[in-house]
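Structure first, commentary second.
Whatever order the structure lists them in is the order used to number ligands and atoms, beginning at 1. Quick caveat: nothing in here was measured; it's all calculated off a predicted structure.
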Amino acid sequence: MYPEIALASASPRRRELLQQIAVPFRLVQVDVDESRQGEESPTAYVSRLARAKAQAGAAKLQYQLPVLGADTIVVVDQHILGKPVDQADFSRMMQLLSGRCHQVLTAVALLSQHNSQQCLVSTEVCFRVLCAEEITRYWQTGEPCDKAGGYGIQGQGGRFVSRINGSYSAVVGLPLCETDLLLRNWQEQA
Ligand SMILES: Cc1cn([C@H]2C[C@H](O)[C@@H](COP(=O)(O)OP(=O)(O)OP(=O)(O)O)O2)c(=O)[nH]c1=O
């Protein structure tokens, strides 16, 4: 049903999500500088990173396959939260997220030599109020360190989430509905 693609990602979640909708893929390892450029907006930043991952993968594979790249960030009051660098950074993030709603932005880019498509999905996630003790305990599980915003909705972090409005799979790292559409559009144009 889908074209064979390469996934430019080291994220086990993105791998599992693509498998969930039966997309045939191989992996390509890329190393992309994730620093923000000046006053770049959150949407510009996350979209650029998804594109940069796909571009790096396509160059590495010499454009033999379409390459999919994705990026996820958490945004609260225009602050961009990536992965926490240490426990203090993580605690700061949890205090920002406690007792309120934030946006999770996931961008997906699909790229070949002659075609490029991308989409951006924004999901609202609401947290109940968190206390200092559970924030410390959550850090000790090891789960937060490789997740944007310092939490995994699909893991123990799910206990903090009171409500979500939008795409659950986008929060975990790859929006299934929009990725399916991207791939089907791609196939129609090929
Ligand atoms: C908010 C949230 C994020 N995440 C993950 C999704 C992404 O893997 C990660 C955000 O970092 P990213 O830089 O988007 O991705 P990554 O470094 O894990 O993988 P890649 O090689 O594709 O760049 O946070 C969850 O797993 N659950 C959540 O609830």
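- Between Val74 and Leu97 the shortest side-chain heavy-atom distance falls below 4.5 Å.
- Heavy-atom contacts of Thr72 reach the following atoms of ligand 1: 10 (C), 14 (O) (cutoff under 4.0 Å).
- Taking the six-membered ring for Trp and thresholds of 30 and 60 degrees, Phe90 and Trp139 have ring planes inclined between 30 and 60 degrees apart.
- In summary, the atoms of ligand 1 found under 4.0 Å from a heavy atom of Ser11, numbered by their order in the structure, are 8 (O), 18 (O), 19 (O), 21 (O).
- Ligand-side atoms of ligand 1 in range of Gly152: 27 (N), 28 (C), 29 (O), range being under 4.0 angstrom from any heavy atom.
- Among the atoms of Ala148, some N or O lies under 3.5 angstrom from an N or O of ligand 1.
- Electrostatic pairing of Arg26 and Glu4 does not count as a salt bridge here, judged by no charged N lying under 4.0 Å from a carboxylate O.
- Only the side chain of Arg13 comes within 4.0 Å of ligand 1, judged by heavy-atom distances.
- The protein heavy atom nearest to atom 13 (O) of ligand 1 is Asp71 OD1, 3.3 Å.
- Among pairs with a residue in residues 23-45, none fulfils ring-ring contact (aromatic ring centres under 6.0 Å, His included), at least two apart in sequence or across chains.
- Lys83 NZ, 3.5 Å is the protein heavy atom nearest to atom 16 (P) of ligand 1.
- Among Val30, Ile73, Val171, Ile153, the residue whose heavy atom sits closest to atom 4 (N) of ligand 1 is Val171.
- The shortest distance between side-chain heavy atoms of Leu130 and Tyr138 does not fall below 4.5 Å.
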Between side-chain atoms of residues 170-183 and protein atoms elsewhere (two or more places apart, or another chain), which donor-acceptor pairs fall under 3.5 Å?
{"unit_1": "Thr179", "atom_1": "OG1", "unit_2": "Pro175", "atom_2": "O", "d": "2.6"}
{"unit_1": "Asp180", "atom_1": "OD1", "unit_2": "Tyr2", "atom_2": "OH", "d": "2.6"}
{"unit_1": "Asp180", "atom_1": "OD1", "unit_2": "Arg184", "atom_2": "NE", "d": "3.3"}
{"unit_1": "Asp180", "atom_1": "OD2", "unit_2": "Arg184", "atom_2": "NE", "d": "3.1"}
{"unit_1": "Asp180", "atom_1": "OD2", "unit_2": "Arg184", "atom_2": "NH2", "d": "2.9"}

- request: Decide side-chain hydrogen bond (donor to acceptor under 3.5 Å, both in side chains) for Arg14 and Thr72; before the verdict, give the C-alpha distance in whole Å, the side-chain angles of both, and the deciding distance to 0.1 Å.
  value: CA-CA 11 Å; Arg14 297 206 167 105; Thr72 301; 2.9 Å; yes

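- Taking any N or O of Lys147, backbone or side chain, none lies under 3.5 Å from an N or O belonging to ligand 1.
- Residue Ala10 has at least one nitrogen or oxygen atom sitting less than 3.5 Å from a nitrogen or oxygen atom of ligand 1, judged on distance alone.
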